[in-house]
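Since the model is a prediction, treat every value here as computed from it, not as a measurement.
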Amino acid sequence: LGDARLLMDEVAAAVPLLDEALILLRRTESPVGIAVTLGERGHAARMQGDQAQASDLFAESIAVATEIGSERLILGAVAGLAGVALALGQPQRAVRMLSAVEAIRATSGLGRIAHAAHTARILAAARTSLAEPVFIAAWDEGQHLSFADAVAEARAIATSAGEEPQ
């Protein structure tokens with residue numbers, strides 16, 4: 001229910017549902033559910049303007065997803081951190097990250113990444129914030145990032161978001 005509320009932009013209603021789900025999933029040791037819910041909670045924090053908390057949640061989602069070897073979940077969290085970059089006034093960085101996510105998804109044959117609806121919203125916002133030539137240049141740069149480089153860039157975003165004034 002929390003994810004549905006979040007997609008309807010009912011962030012205040014989504015947060016307690018997601019927090020409760022995360023508690024239950026941690027109790028039952030469900031790593032896939034934990035990684036997904038951390039990502040959803042990260043989007044909620046991002047939408048509330050708390051980029052430091054969003055970054056921490058996405059970084060933890062990457063860590064859990066890495067433990068279970070889920071590229072789909074890792075890429076979803078990387079895209080979430082692109083949203084953090086966008087919120088921190090770094091639209092070119094966000095586009096580069098989203099482009100890398102899309103290139104990696106397509107190359108690896110993944111159908112959809114986790115949190116695809118949020119990713120589409122972030123991409124649309126990033127696209128409108130940049131002139132077309134700047135967007136295209138950033139998108140082209142991202143197409144050449146490796147999986148490891150994209151994850152490293154996402155972790156750098158997470159680190160820098162904790163240092164930014166909110």
Side-chain angles (χ1 to χ4, degrees), residues 2-3 5-12 14-19 21-22 34-67 70-105 110 112-130 134-135 137-166:
D3 57 342
R5 293 288 185 124
L6 197 57
L7 287 172
M8 295 185 299
D9 293 324
E10 297 175 6
V11 182
V15 168
L17 296 171
L18 292 168
D19 287 345
L22 195 53
I34 291 168
V36 169
T37 306
L38 284 166
E40 288 293 333
R41 188 61 181 85
H43 283 292
R46 181 183 58 76
M47 294 164 72
Q48 290 176 315
D50 189 342
Q51 304 314 316
Q53 182 183 31
S55 294
D56 290 345
L57 291 159
F58 289 129
E60 186 179 352
S61 181
I62 288 172
V64 173
T66 299
E67 287 177 19
S70 176
E71 281 189 14
R72 185 180 86 75
L73 294 172
I74 294 168
L75 291 174
V78 168
L81 283 161
V84 170
L86 179 64
L88 295 176
Q90 303 168 19
Q92 288 173 275
R93 190 178 199 184
V95 169
R96 196 170 49 250
M97 294 304 303
L98 293 170
S99 174
V101 165
E102 177 53 25
I104 295 162
R105 184 207 61 76
L110 291 173
R112 286 178 53 161
I113 64 166
H115 320 297
H118 294 292
T119 301
R121 289 178 178 185
I122 295 165
L123 180 58
R127 178 173 227 126
T128 62
S129 71
L130 293 172
V134 177
F135 176 87
W139 188 266
D140 287 346
E141 285 178 37
Q143 292 288 295
H144 304 291
L145 286 178
S146 69
F147 183 84
D149 288 342
V151 173
E153 179 72 10
R155 288 185 170 133
I157 292 167
T159 300
S160 67
E163 299 165 359
E164 292 279 332
Q166 298 291 311

*Tell me, which pairs form a salt bridge (Lys or Arg N to Asp or Glu O under 4.0 Å) where one or both residues lie in residues 70-84, sequence neighbours left out?*
none
*Check against side-chain contact (heavy atoms from CB on, under 4.5 Å), Leu6 and Glu10*: CA-CA 5 Å; Leu6 197 57; Glu10 297 175 6; over 6 Å; no
*State whether Asp9 and Arg121 are salt-bridged, where the test is any N-O pair (Lys NZ or Arg NE/NH1/NH2 against Asp/Glu carboxylate O) under 4.0 Å.*
yes
Any side-chain to backbone donor/acceptor pair from [X] onto [Y]? Under 3.5 Å, distance only.
X      : Y     : result
Thr119 : Ala79 : no
Ser61  : Leu57 : no
Gln53  : Gly42 : no

*Using side-chain contact (heavy atoms from CB on, under 4.5 Å) as the criterion, list what pairs up with Glu141, not counting sequence neighbours.*
Arg96
*Please name all residues satisfying side-chain contact (heavy atoms from CB on, under 4.5 Å) with Asp140, sequence neighbours left out, ordered by chain then number.*
Ile136
Within the 4.5 Å heavy-atom criterion, are [X] and [Y] side-chain neighbours or not?
X      : Y      : value
Asp50  : Arg46  : no
Leu123 : Phe135 : yes
Arg105 : Arg112 : no

_Assess the residue pair Phe58 and Val78 against the criterion (side-chain contact (heavy atoms from CB on, under 4.5 Å)); give the C-alpha distance rounded to whole Å, side-chain angles, the decisive distance to 0.1 Å, and a yes or no._
CA-CA 7 Å; Phe58 289 129; Val78 168; over 6 Å; no
*Stepwise, does the side-chain contact (heavy atoms from CB on, under 4.5 Å) test hold for Gln48 with Val15?*
CA-CA 10 Å; Gln48 290 176 315; Val15 168; 3.7 Å; yes
